[in-house]
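Okay, structure first, notes after.
Per chain, numbering begins at 1; letters A, B, ... match sequence-line order. No experiment lies behind these values; they were computed from the predicted model shown. Values below: every heavy atom of this structure, side chains too, minus hydrogens, waters and symmetry copies.
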Protein chains: 2
Amino acid sequence: MKYSTSKENYIKAIYHLEQEDPVVSTNALARQLATKPASVTDMLKKLHEQQLIHYEPYKGVQLTDSGNKLALQIIRKHRLWEFFLVEKLGFGWEEVHEIAEELEHISSKKLIDRLDDFLGKPKTDPHGDPIPDAAGIVPKIEKRCLLDLPVGIAADLISVSNQSADMLDLLRHHQIEIGSRLKITNRFRFDRSIQITVQGGPPVTISEQLGAHLYVAWATED
Amino acid sequence: MKYSTSKENYIKAIYHLEQEDPVVSTNALARQLATKPASVTDMLKKLHEQQLIHYEPYKGVQLTDSGNKLALQIIRKHRLWEFFLVEKLGFGWEEVHEIAEELEHISSKKLIDRLDDFLGKPKTDPHGDPIPDAAGIVPKIEKRCLLDLPVGIAADLISVSNQSADMLDLLRHHQIEIGSRLKITNRFRFDRSIQITVQGGPPVTISEQLGAHLYVAWATED
DNA sequence: GAGCTTTTTTAGGCGAATCTAAAAAAAAAT
DNA sequence: ATTTTTTTTTAGATTCGCCTAAAAAAGCTC
Ligand SMILES: [Mn+2]
Ligand SMILES: [Mn+2]
Ligand SMILES: [Mn+2]
Ligand SMILES: [Mn+2]
């Protein structure tokens, strides 16, 4: 029941790639893990032997139930540590991912459950991603891309799908943060940029590229 | 400037063994690290190449200045994490060492300095051992073995030199903890056991073996 | 469906950290 | 000063995670 850091990173990467496409390719994994396809093939064989993945040569890969469970445990650790780093130690959004990439491999289950308590059992990490609970259940968070928000409807920013320092710089410049109330006031056909207000402030224009990474919650009519 | 977990464990072990005997033997290291002498020799060569130790075949080993500096950084991390686990997450003394053994290898310097701030820059870990500061300076703590305390003089327990669950069980049974005021009320020649009072309570008898692991601070007359 | 391109796997190797068995050096005993 | 014992090092393997180069399979294109 104890896996190497390397194996845990593979399992987590497979989990994330499965969200895009239910069958994960060797190349996609190699890209994600910044390694070579040949190395991935080697590792897939080992993960298969340990029953963490379904794998047949040339057919791509999928997590088994136990692989999925393991992935959720690692993600839980990653996100709880990120929350800790931001909320308790005052780190910025963009700094925490790398550190959490190490902390997520600390093995003590008791540690993570106590940390969860200490932090007040948060539902989401600093980027708005949901934190699986001790049983591996991921809170379902209703969110839609800001770009799909109709003009004139207010909605709260609940997550961002990019955590680069560059993007966070830009958000900071526009004074946009998780929780900010956003409203689209105008759309421009030419480059699909949008004009929005932040917390009812003056309108600012943001690119489609930025908007695509912002996710908001708004009441659905049904 | 980044070393493997294994190398860090060697450096820390050498540091601790140097406290006993300034020149550390291959066998002593193998015992401490639960590994084989042949493995130790291999590793010593590598640590020597990296200038972390002074090493000549058959002559034992000593940390260089940079080895010593590294050891203190690792010990700082270890003890700060132990403090965090006990004070913030409510772990018992005896549970934290093993977890800290992993956490001490998390590389971010910024993380550890912020953790230090968050914890209020503690001077000692939960077992009373001093925590080196960011510059690697170890607070000097005046302490003497309880066994050397004269009869009738009160002194405060400031550290214990054994962290086994068994010993902590026994301490808990006698309601002795770090900070308790202890006074020797009687000494018995036969087995060198001693009778003490804890916080001015009723006298209890403890073995020489237990007493040897308790360290107290008391005013020296000079 | 034959041929070209892309993806994936295999083959062979390397560095890190470990091991066992054997040799060599140092230390202790006689 | 030998001999014996203990300590330490060397030699040779193994496992893990990775690599490059080459082969094989799958997927496209005409
Ligand atoms: Mn992250
Ligand atoms: Mn990781
Ligand atoms: Mn400890
Ligand atoms: Mn350690």
ask   = Is there side-chain contact between A:E102 and A:W81, with at least one heavy-atom pair below 4.5 Å?
value = no

message = Taking the minimum atom-to-atom distance to the side chain of A:Y58, which one of D:dT20, D:dA26, C:dA16 wins?
response = D:dA26

inquiry  = I want to check one thing: is the phosphate of D:dT10, taken as OP1 and OP2, less than 4.0 Å away from some side-chain N or O of B:K45?
reply    = yes

ask   = CD1 of B:I53 versus C1' of D:dT8: gap in Å, rounded?
value = 14 Å

query = What distance do A:L47 atom CG and A:I11 atom CD1 have between them, rounded to the nearest 0.5 Å?
reply = 4.5 Å

inquiry  = How many whole angstroms separate atom CG of B:L29 from atom C1' of C:dA17?
reply    = 15 Å

note = Note: for A:P57 and A:A34 on DNA chain D, the residue whose nearest nucleotide lies more 5' is A:A34

query = What does B:Y3 touch in the nucleic acid at a heavy-atom separation under 4.0 angstrom: a base, only the sugar-phosphate, or nothing?
reply = nothing

query = Is any side-chain N or O of B:Y10 closer than 4.0 Å to OP1 or OP2 of C:dA16?
reply = no

query = So does B:K36 get a side-chain nitrogen or oxygen closer than 4.0 Å to the phosphate oxygens (OP1/OP2) of C:dT18?
reply = no

request  = Would you kindly give the CD-to-P distance between A:E49 and D:dG17, to the nearest whole Å?
outcome  = 12 Å

inquiry  = Starting the side chain at C-beta, find the nucleotide from D:dT9, C:dT10, D:dC18 nearest to A:T41.
reply    = C:dT10

inquiry  = With a 4.0 Å limit, can you tell me whether A:S6 has a side-chain N or O closer than that to the phosphate oxygens OP1/OP2 of D:dC16?
reply    = no

task = Indicate the ring-plane relationship of A:F84 and B:F118, choosing parallel, tilted or perpendicular according to the 30° and 60° boundaries.
result = perpendicular

key: More than 12 heavy atoms from other groups under 6.0 Å of CG on A:D191   = yes

request  = May I ask you to verify if any side-chain N or O of A:T35 is less than 4.0 angstrom from the OP1 or OP2 atom of D:dC19?
outcome  = yes

query = Is there a donor and acceptor pair, one atom on the side chain of A:D42 and one on the base of D:dC18, closer than 3.5 Å?
reply = yes

message = Counting only side-chain nitrogens and oxygens, does A:S4 get under 4.0 Å of the OP1 or OP2 atom of D:dG17?
response = yes

ask   = Taking only N and O in the side chain of B:K46, is any of them less than 4.0 Å away from OP1 or OP2 of C:dA16?
value = no

task = Could you tell me whether the side chain of A:D125 reaches within less than 4.5 Å of the side chain of A:P130, counting heavy atoms only?
result = no

request  = Using whole Å, report how far CE of A:M43 lies from C1' of D:dT15.
outcome  = 12 Å

Spacing of B:L47 atom CG relative to C:dA16 atom P, expressed in whole Å = 12 Å

request  = State the CG-OH distance between A:L147 and A:Y215, to the nearest 0.5 angstrom.
outcome  = 8.5 Å

Atom pair distance, as rounded to whole Å: CG in A:L44 and P in C:dT7 = 16 Å

Nearest listed nucleotide, side chain of B:K7, among D:dC19, C:dA17, C:dT18 = C:dA17

message = How many whole angstroms separate atom CD of B:E56 from atom P of D:dT8?
response = 15 Å

request  = Taking only the side-chain heavy atoms of A:T26 (C-beta and beyond), determine which of D:dC16, C:dT9, C:dT18 contains the nearest atom.
outcome  = C:dT9

inquiry  = Without decimals, in angstroms, what is the distance between B:H48 NE2 and D:dT8 P?
reply    = 17 Å

message = Can you see if the side chain of B:S39 gets near the phosphate of C:dC19 - specifically, an N or O under 4.0 Å from OP1 or OP2?
response = yes

task = State whether A:N27 places a side-chain N or O below 4.0 Å from either non-bridging phosphate oxygen (OP1 or OP2) of C:dT8.
result = yes

